[in-house]
There are 2 protein chains.
Amino acid sequence: MKRGHQVTMKEIAKKLNVSVSTVSRALKDSPELHPDTKKRIVEMAKSMNYQPNLLAQSLRISRSKVLGVIVPELTSHFFSSNISGIQDTAYKRGYNVMICQSNESYVQEISNIRVLVASQVDGLLISLSRETKSYQHLQDLYDREIPFIMFDRVTEEIPVSRVTVDDEHGAYQVTHHLLEQGCRKIAFISGPQDLYISKKRKGGYLKALAEYGISEAESRVYISDLNQESNRQIAYKILEEENRADAIFAMIDPVAVDVMLVLKEKGIRIPEEIALAGFTNNPTSSVVEPSLTTVSQPGYEMGQIAANHLLDQLDEIVSDEPKSFVLGTTLIARNSTLKIKI
Amino acid sequence: MKRGHQVTMKEIAKKLNVSVSTVSRALKDSPELHPDTKKRIVEMAKSMNYQPNLLAQSLRISRSKVLGVIVPELTSHFFSSNISGIQDTAYKRGYNVMICQSNESYVQEISNIRVLVASQVDGLLISLSRETKSYQHLQDLYDREIPFIMFDRVTEEIPVSRVTVDDEHGAYQVTHHLLEQGCRKIAFISGPQDLYISKKRKGGYLKALAEYGISEAESRVYISDLNQESNRQIAYKILEEENRADAIFAMIDPVAVDVMLVLKEKGIRIPEEIALAGFTNNPTSSVVEPSLTTVSQPGYEMGQIAANHLLDQLDEIVSDEPKSFVLGTTLIARNSTLKIKI
DNA sequence: CTGTTAGCGCATTCAG
DNA sequence: CTGAATGCGCTAACAG
């Protein structure tokens, strides 16, 4: 394909019989320049539709004004909200965003980092893949002093800033709410155990149980791979259990929805026989029937905060001292747990 | 923040007392080089953790290996699927992706294009904002010979390649299905009239009606701004109409879901009293109750096809003759229209 | 087999 | 007030 040639300063200079540096000065409105010359150049630039080559500028100043973002998947509503917040924030502050998805793969994640770093991004915003259990690639980034921060899927092993929601408290809120509704046999469907959020949310679940005198030994934790098949199997397992659970708390909404479908197929009434709750407040959760109790997790704001903080660090508005931002969660009680309906 | 210094060829050259060009040759495995020298350089590069500076390479060859993508919004599942397909495809072919969202704003769209072009993207994939009714900015791109193609939200006014689904046929399928179910008073909720997809889908709706002897004068078209408030108002309006509709076909799933909520509030049985259908097959559609009849629109594949085609054009695997890719649609009949349930 | 030169587009320093 | 020279990192052409 014929590729469009971009007008350069050189071409403007030639047409006007001035030097390139004069053009450069005119275009950045340098005061030490004859007004007429300046005017002629600026007008010519406009008429030729001149656009500065950001690549060249970046190379010169060794700053690309581009942020790299890595998320496990783009199609999840939560992550696309994050990206939306990051993108809007970056754009407002004169930065562009390069986006990669790891597809929940550790190897992809490493490869993504490599490419973004080679592309000279000024900083990285990373949300770890499910597979990521070793953090050497992040340690390398840290050692090479490449600015980056983590959001949502984070690790505490590397001393960089993090943005998360208060996973533990959110899970506590849900569990506490179920207990208040009279449930005492609450199953918790967790994701893979090494996941930061699995640990945190399980912690909140156990804490709430403890307050009602239910020990960890009496807790009911199930581990899902978080795919539909795994979710359904666990639902079946829970139903077959003797002394069956009277409530199910799924670590993320999609799991809860899968479970809901199984319960409905089996004709089990929600919440009368089994109450059901999720986490994240996906758009789907409000429209399923019964509507799903969940915890809202402000994805867009997380993206904004993460991007603003990283840019603050880059622009040296704040120090590069690692900070941990923990966003509040809000319980959204809906019909899937409310035994007395409104 | 202290910014990590990237190792350059110059530094490797200095350490080994060779010239930069020798380093360059070694790193790209040039045959005309003493094996020992090559080996020494390669090892040194590895030990210093050398990464080529893609910016510098891009500047040299005037190709950035980056594609620009503009979508109306990132959080829509359909668009994030597109992006996912684009990103995966680009990555496989050695390209990176810079993403912008127009937030459905014409001005933003223009601004996004400007920034991406200044960033020297090799090509653009654009899905137009709702507000975009003038196409001069695209004409400019075309005149400047900047490679770009459009997907989903397209216009026929600019002679570049397009990737769309068969909107007309999809709408025809839905309407035909509703007619087969015995509905004869089918309301169609359209988006803004200038939208390409509004026109196409309305066309399919009318075509199916015509086959059943229902004239355009007897058709029932409502125009929504596609926000929740507007959707609900139209739902109310349809319900108040004398000779009330017995089916509602909404141009996109979210509209159908909003309408469904109104119908449920009013205690109207779906599909017995009013059948309801959407378009796109959002994840939500399968889990609402009753499950929503819709048309599947393969977002990920659209992204793949769009990216592959643009890259084919860039790599001159295909000519830059504009092509129009029209993807097939599949009717997904669910309980919201099936009067005889399975 | 390897070094020197030159240039991608831009902006800054140094000389007028 | 303006031009020439320099360098960001890399590679290709040209010379040994």
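Note on naming: letters A, B, ... go to the chains in the order of the sequence lines (proteins, then strands), and numbering restarts at 1 for each one. Hydrogens, waters and symmetry mates are skipped; everything else that's a heavy atom, side chains included, is used.
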Can you name the atoms? Protein N/O to nucleotides 5-8 of chain C N/O, anything below 3.5 Å, with the distance.
from  : atom 1 : to    : atom 2 : distance (Å)
C:dG7 : N2     : B:R60 : NH1    : 3.1
C:dC8 : OP1    : A:K10 : NZ     : 3.2

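Taking atom CG of residue A:L27 and atom P of nucleotide C:dA11, one finds them 8 Å apart after rounding to whole Å. B:H5 has its NE2 atom 12 Å from the C1' atom of D:dC8, to the nearest Å. C:dC10 atom C1' lies 15 Å from atom CD of A:Q51, rounded to whole Å. For the pair A:R40 CZ and D:dC1 P, the computed distance is 14 Å after rounding to whole Å. Distance A:D122 CG to D:dC8 C1': 14 Å, rounded to the nearest Å. Atoms CG (B:L54) and P (D:dC8) sit 18 Å apart, rounded to a whole Å. Atom CZ in A:R63 sits about 17 Å away from atom C1' in C:dC10, given to the nearest Å. Put simply, NZ on B:K38 is 10 Å from P on C:dT2, counting in whole angstrom units.
Atom CD1 of A:I110 is separated from atom OG1 of A:T132 by 7.5 Å, given to the nearest 0.5 angstrom.
Positionally, the nearest nucleotide of DNA chain D for B:N53 lies more toward the 5' end than for the other of B:R25 and B:N53. Both B:S19 and A:Y50 sit near DNA chain C, but only B:S19 has its closest nucleotide nearer the 5' end.
With C:dC10, D:dC10, C:dT2 as the choices, the nucleotide that has an atom nearest any side-chain atom of B:P52 turns out to be D:dC10. For A:H34, taking side-chain heavy atoms from C-beta onward, the closest of the listed nucleotides D:dC1, D:dT11, C:dG3 is D:dC1.
At the heavy-atom level, B:T37 lies under 4.0 Å from the strands shown only through sugar-phosphate atoms. B:V18 comes within 4.0 angstrom of the backbone, heavy atoms only, and of no base.
For C:dG3, one of the phosphate oxygens OP1 or OP2 lies less than 4.0 angstrom from a side-chain nitrogen or oxygen of B:T22. At the phosphate of C:dG9, neither OP1 nor OP2 sits under 4.0 Å from any side-chain N or O atom of A:Q57.
For B:K38, the NZ atom is densely surrounded, since the number of other residues' heavy atoms within 6.0 Å is greater than 12. More than 12 heavy atoms of other residues, nucleotides or ligands sit less than 6.0 Å from atom OH of B:Y135.
Remark: A:R153 engages A:E104 in a salt bridge, criterion side-chain N to carboxylate O under 4.0 Å.
Using a 3.5 Å distance cut-off with no hydrogens or angles, the side chains of B:H5 and A:E145 do not pair a donor with an acceptor. No donor-acceptor contact under 3.5 angstrom links the side chains of B:Q120 and B:S58, judged on distance only. At a cut-off of 3.5 Å, with distance as the only test, a side-chain donor of A:Y106 or A:S134 sits close to an acceptor on the other residue. No hydrogens or angles considered: nothing links the side chains of A:N53 and A:Q57 as a donor-acceptor pair under 3.5 Å.
Considering only residues two or more places apart in sequence or on other chains, A:R93 meets the salt bridge (Lys or Arg N to Asp or Glu O under 4.0 Å) condition with A:D312, A:D315.
Over its full length, the helix from C:dC1-D:dG16 to C:dG16-D:dC1 turns its helical axis through 60°, comparing axes from the five pairs at each end and rounding to 10°.
Across B:D122, B:L124, B:I149, a single residue satisfies side chain to side chain contact (heavy atoms under 4.5 Å, CB included) together with B:L310, and that is B:I149.
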